[in-house]
Amino acid sequence: MKMDDKIVLKAENLEKTFGAGKRAVKAVDGVSFTVREKEIFALLGPNGAGKTTTVKMLLNLVSPDKGSIQIFGKDMPKAQKEVMKEVGTLLEGSRNLYWHMTVRENVYYFANLRGKSAKEVKDDMEMWAERLRLQDKLEEEVGKLSRGMQQKAAIICALATKPKLLILDELLLGLDIITRFEVEKLVKELKEISTLIISSHDLRFIEKVSDRILIINKGKVVAEGTASELRHKISYAKYRFTLRKNEESQYLEELKSIRGVEISFYEGNIDTDILELTFERPELIYDVFDIFRKFSVIPVEIDNLGEPFEEIFKSFVEGGENK
């Protein structure tokens with residue numbers, strides 16, 4: 001099977017079941033996706049959705065029961081040794097480093113496993129350590145560092161070899177607020193030199209940095225697309241209209257007759273009322289303005305509320321795409 005030059009990773013119909021008989025749990029059930037060169041591809045899902053199992057199958061840490069994986073156009077796990085030289089990894093819930101070794105020793109050790117010498121990675125290690133404010137801890141044993149510093153050290157190990165593909169599971173785990181913002185900026189920069197697959201429970205982070213998002217729930221893919229595309233699948237737009245008081249309430253009845261528009265009405269202050277409208281299709285806003293003109297309803301302020309990404313995510317996980 002030949003792979004397009006622009007596709008870095010291709011997973012087809014991955015399945016994985018743990019246990020047997022009545023205790024069998026299908027962790028991944030027919031998951032397929034592709035990741036293109038120089039994009040940030042995000043895996044989202046609630047706890048137990050199958051994200052980490054999927055990531056481990058990509059790295060051949062867990063063998064799929066069914067399905068196939070190609071990385072850089074090469075079949076896995078047959079080409080694992082060759083492929084993994086160009087892959088940087090960070091795994092959630094795992095000891096990514098050896099605790100009795102220093103940060104520097106860990107970086108050199110994992111670089112060596114990928115066929116690179118200490119001399120080849122030294123400059124990049126020190127550069128990333130400075131970026132993550134860990135330059136003073138390179139000679140410290142990892143086991144003596146805080147959880148956040150251990151996470152930073154693991155990130156440095158993943159980046160120091162200049163991998164063509166980065167697979168980062170729960171990247172923000174243990175990081176303080178300031179470092180989270182720094183990592184957010186870093187991820188966007190890494191797109192220029194690498195392809196990234198990331199997972200995180202931080203939906204704001206995923207929405208801001210990712211090019212495409214795959215949402216998994218109960219082992220199945222429930223949605224895929226850009227953050228904007230996923231928003232549009234749930235609702236196209238949501239606006240809050242602050243309206244000058246209007247004694248004629250008939251306009252509300254006519255608004256309710258428009259199919260594809262959800263209405264919430266609130267009394268504002270003495271002079272205004274609040275109207276929140278959610279549109280399934282963008283062109284419906286023209287019907288709303290026609291009714292406003294008909295009844296001399298005057299908007300004094302219009303706010304684009306959009307839809308919080310947390311709500312978009314919740315809608316898909318609860319089956320929103322199929323409602």
Side-chain angles (χ1 to χ4, degrees), residues 1-12 14 28 31-44 50-64 67-92 94 96-97 106-107 109-116 120-121 124-125 127-128 131 151 153-173 183-200 205-206 209-214 216 224 226:
M1 181 167 56
K2 189 176 179 181
M3 183 177 267
D4 187 289
D5 291 339
K6 295 297 181 182
I7 294 179
V8 171
L9 184 147
K10 187 172 185 178
E12 290 189 310
L14 296 181
V28 177
V31 169
S32 298
F33 60 91
T34 58
V35 181
R36 301 185 182 93
E37 186 179 22
K38 300 291 178 68
E39 82 169 337
I40 301 173
F41 185 87
L43 291 171
L44 270 183
K51 303 189 307 297
T52 295
T53 300
T54 299
V55 167
K56 288 183 176 180
M57 285 193 287
L58 299 181
L59 298 170
N60 198 38
L61 298 174
V62 171
S63 298
S68 64
I69 298 166
Q70 282 192 338
I71 302 178
F72 307 131
K74 298 177 173 62
D75 292 323
M76 294 287 284
K78 188 187 303 182
Q80 182 177 7
K81 187 174 181 180
E82 178 184 0
V83 165
M84 286 302 140
K85 291 180 180 179
E86 304 294 345
V87 179
T89 62
L90 178 72
L91 294 179
E92 184 271 333
S94 301
N96 292 282
L97 307 175
N106 269 283
V107 173
Y109 173 76
F110 286 106
N112 183 258
L113 291 181
R114 288 169 168 77
K116 298 197 175 184
E120 287 179 283
V121 300
D124 279 274
M125 173 193 67
M127 183 265 290
W128 291 123
R131 283 286 302 275
Q151 184 78 341
I155 293 171
I156 293 167
C157 278
L159 298 178
T161 57
K162 296 181 179 178
K164 293 179 182 177
L165 173 64
L166 273 165
I167 300 178
L168 308 171
D169 191 21
E170 292 301 337
L171 172 62
L172 302 181
L173 198 65
V183 168
E184 183 178 301
K185 181 180 178 183
L186 171 64
V187 165
K188 292 177 181 177
E189 292 176 10
L190 287 171
K191 180 182 172 182
E192 299 302 316
I193 59 174
S194 186
T195 300
L196 288 85
I197 299 175
I198 58 176
S199 77
S200 174
F205 169 72
I206 290 293
V209 305
S210 61
D211 296 306
R212 286 191 301 131
I213 301 168
L214 188 81
I216 302 174
E224 181 178 3
T226 65

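Quick note: numbers below take in every heavy atom, side chains included, and nothing from hydrogens, waters or symmetry partners. If you're wondering where the values come from, they're calculated on a predicted model, not measured in any experiment.
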- Message: Under a 3.5 Å distance rule, please check whether Ser210 uses its side chain to pair with a backbone N or O of Ile206 as donor and acceptor.
- Response: yes

- Nearest heavy-atom pair of Ser194 and Leu165: which atoms, and what distance? OG-N, 3.7 Å

- Quick one: closest heavy-atom pair of Phe205 and Glu184, and the distance? CE1-CA, 3.9 Å

- Message: With rounding to the nearest 0.5 angstrom, report the CZ to CG distance, Phe41 to Leu9.
- Response: 8.5 Å

- How close do Leu43 and Lys51 get, heavy atom to heavy atom, and via which atoms? O-CD, 3.6 Å

- Message: Would Met84 and Leu59 count as a side-chain contact (heavy atoms from CB on, under 4.5 Å) here? Give the steps.
- Response: CA-CA 8 Å; Met84 286 302 140; Leu59 298 170; 3.9 Å; yes

- Message: Quick one, Tyr109 with Asn112, criterion side-chain contact (heavy atoms from CB on, under 4.5 Å). Give me CA distance, side-chain angles, the key distance, then yes/no.
- Response: CA-CA 5 Å; Tyr109 173 76; Asn112 183 258; 5.8 Å; no

- Message: Restricting to non-hydrogen atoms, name the atom on Pro163 and the atom on Val87 that form the minimum distance, rounded to 0.1 Å.
- Response: CB-C, 3.8 Å

- Are Phe110 and Thr161 close enough that some pair of their side-chain heavy atoms sits under 4.5 Å apart? no

- Interatomic distance, Leu61 atom CG to Leu91 atom CG [nearest 0.5 angstrom]: 6.0 Å

- Sidechain N-carboxylate O distance under 4.0 Å for Glu189, Arg131: yes

- Task: State, yes or no, whether a side-chain contact exists between Asp124 and Leu159 at a heavy-atom distance under 4.5 Å.
- Result: no

- Note on the structure: From the list Val107, Ile156, Asn106, side chain to side chain contact (heavy atoms under 4.5 Å, CB included) partner of Leu97 resolves to Asn106

- Query: Are Asp211 and Lys191 close enough for a salt bridge, meaning some N to O gap below 4.0 Å?
  - Reply: yes

- Item | Spacing of CE belonging to Met76 relative to CD belonging to Glu82, to within rounding of 0.5 Å | 10.5 Å

- Message: Suppose we screen for salt bridge (Lys or Arg N to Asp or Glu O under 4.0 Å). Which residues come up paired with Lys38, at least two apart in sequence or across chains?
- Response: none

- Message: Quick one: does any side-chain atom of Ser199 pair with a main-chain N or O of Leu44 as donor and acceptor, under 3.5 Å?
- Response: no

- Give, for atom CD1 of Ile40 and atom CG of Leu196, the distance between the pair rounded to the nearest 0.5 Å. 5.5 Å

- Message: If I take atom CD1 from residue Ile198 and atom CG from residue Leu171, how far apart are they, to the nearest 0.5 angstrom?
- Response: 7.0 Å

- Message: Minimum heavy-atom separation for Gln151 and Leu173, please, with both atom names.
- Response: CG-O, 3.2 Å

- Message: Within a 6.0 Å radius of atom NZ on Lys188, are there more than 12 heavy atoms belonging to other residues, nucleotides or ligands?
- Response: yes

- Message: Looking at every non-hydrogen atom in both residues, tell me the closest pair between Ile71 and Leu58 and how far apart they are.
- Response: CD1-O, 3.7 Å

- Item | Expected output: side-chain Glu39 to main-chain Thr195 donor-acceptor under 3.5 Å | no

- The reported gap from OG1 in Thr53 to CG in Leu14 (rounded to nearest 0.5 angstrom) is 11.0 Å

- Message: Is it the case that the side chain of Arg212 and the backbone of Glu224 share a donor-acceptor pair, with hydrogens and angles ignored and the cut-off at 3.5 Å?
- Response: no

- Query: Can you tell me if Lys74 uses its side chain to pair, donor with acceptor, with the backbone of Ala79 under 3.5 Å?
  - Reply: no

- Item | Residues, nucleotides or ligands: over 12 heavy atoms within 6.0 Å of Lys164 NZ | no

